[in-house]
Each structure stands twice: as C-alpha cells, then as structure tokens.
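A short worksheet on the structure shown next.
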Amino acid sequence: IIPFKIVNGEIKEIQLASDYTEILNIIKELGGECEMRDLVNIASKRLSIPREEVKEKLLFLKELNKIEIEGRKIRLTL
C-alpha cells in the first residue's frame with residue numbers, strides 16, 4: 001500500500017511525515033530488526049512523544065507494509 005493523493009488528475013505519492021521516517025531510520029540504525037520495547041523507548045525519547053503514540057505509528061507503518069511485526073520483533077520490509 002502506498003499513500004497517495006490525486007492532484008489535477010495525476011496520482012502523487014504522499015511522503016511520510018518526519019515521525020514515521022525517523023522511526024524507520026531508528027530501525028535501520030538497529031540493524032533492520034529490533035525488539036518492540038527497545039524501539040518504542042528509543043523513538044519515544046527521540047521524538048518526544050508518548051509510547052502509545054509510537055505504537056500507533058508502528059501499526060500505521062505495518063499497514064503500509066513498511067515493517068513486519070512478529071511477536072515482539074519488528075523488521076523492515078523495504
């Protein structure tokens with residue numbers, strides 16, 4: 001799934017907000033795979049947002065097929 005919008009009859013891909021990009025960058029920094037607990041703690045501190053909000057953003061990234069969540073592990077699918 002790729003987020004998009006239609007402008008003047010043309011399909012334009014929507015860039016992810018910086019928070020989502022930063023979460024993906026953190027996963028990359030951790031080797032492309034990490035524990036959910038570690039990622040939530042790091043992202044919460046780095047982005048200055050509550051842990052629950054980080055979890056919501058992770059679910060959105062999963063819906064976009066940017067990440068896989070298996071148990072406690074998170075893996076990039078890029």
Side-chain angles (χ1 to χ4, degrees):
I1 299 172
I2 299 173
F4 68 92
K5 63 182 177 179
I6 299 176
V7 179
N8 297 328
E10 293 183 24
I11 297 175
K12 303 281 184 177
E13 185 176 343
I14 298 173
Q15 296 295 323
L16 291 174
S18 62
D19 286 356
Y20 295 100
T21 304
E22 185 61 28
I23 290 171
L24 293 173
N25 287 336
I26 293 169
I27 299 170
K28 285 179 191 173
E29 289 171 13
L30 296 172
E33 183 175 310
C34 59
E35 293 281 332
M36 180 172 309
R37 179 187 65 224
D38 296 337
L39 177 60
V40 169
N41 288 334
I42 293 167
S44 176
K45 267 222 191 291
R46 197 178 287 185
L47 300 171
S48 300
I49 59 175
R51 288 178 174 87
E52 281 303 311
E53 190 173 335
V54 173
K55 290 177 185 177
E56 290 171 9
K57 291 178 184 298
L58 289 172
L59 287 176
F60 180 70
L61 289 171
K62 182 181 178 192
E63 289 177 13
L64 295 177
N65 291 321
K66 300 288 186 184
I67 62 171
E68 293 176 351
I69 300 175
E70 293 179 15
R72 297 180 192 169
K73 292 277 189 188
I74 295 178
R75 182 179 307 116
L76 287 175
T77 58
L78 302 176

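Sequential numbering from 1 along the given sequence is applied to the chain's residues.
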message: Taking side-chain hydrogen bond (donor to acceptor under 3.5 Å, both in side chains) as the definition, give me every residue that meets it alongside Asn25, ordered by chain and number, with sequence neighbours left out.
response: none

Only pairs under 3.5 Å count here: list side-chain donor-acceptor contacts from residues 48-56, not counting sequence neighbours, and write none if there are none.
from, atom 1, to, atom 2, distance (Å)
Arg51, NE, Asn41, OD1, 2.8
Arg51, NH2, Asn41, OD1, 3.3

field: ring pair (Phe, Tyr, Trp, His ring centres under 6.0 Å) pairs, two or more places apart, involving residues 17-45
entry: Tyr20-Phe60

- prompt: Which pairs count as ring pair (Phe, Tyr, Trp, His ring centres under 6.0 Å) when at least one residue sits in residues 21-43, sequence neighbours excluded?
  reply: none

- prompt: Do Glu35 and Lys73 come close enough that some side-chain heavy atom pair is under 4.5 Å?
  reply: yes

Nearest-0.5 Å distance, CD1 of residue Ile27 to CG of residue Leu39: 5.0 Å

query: side-chain hydrogen bond (donor to acceptor under 3.5 Å, both in side chains) with Glu68: which residues, sequence neighbours excluded?
result: Arg75

message: With a 4.5 Å cut-off on side-chain heavy atoms, are Leu61 and Ile23 touching?
response: yes

message: Going by the rule salt bridge (charged side-chain N to carboxylate O under 4.0 Å, His left out), which residues pair with Glu22 if we only count those two or more places apart in sequence or in a different chain?
response: Arg46

message: Is there a continuous path of hydrophobic side-chain contacts, each under 4.5 Å between heavy atoms, that joins Met36 to Leu59?
response: no

message: To the nearest 0.5 Å, what is the distance between CD1 on Ile69 and NZ on Lys62?
response: 5.5 Å

- line: Residues passing the side chain to side chain contact (heavy atoms under 4.5 Å, CB included) test with Leu30, sequence neighbours excluded, are Ile26, Cys34, Ile42

- request: Please report the C-alpha distance between Glu33 and Leu76 in whole Å, then the side-chain angles of each, then the deciding distance to 0.1 Å, and finally whether the side-chain contact (heavy atoms from CB on, under 4.5 Å) criterion is met.
  value: CA-CA 7 Å; Glu33 183 175 310; Leu76 287 175; over 6 Å; no

query: Of all residues at least two apart in sequence or in a different chain, which pass the salt bridge (charged side-chain N to carboxylate O under 4.0 Å, His left out) check with Lys45?
result: none

- request: Check salt bridge (charged side-chain N to carboxylate O under 4.0 Å, His left out) between Asp19 and all other residues, then give those that pass, not counting sequence neighbours.
  value: Lys57

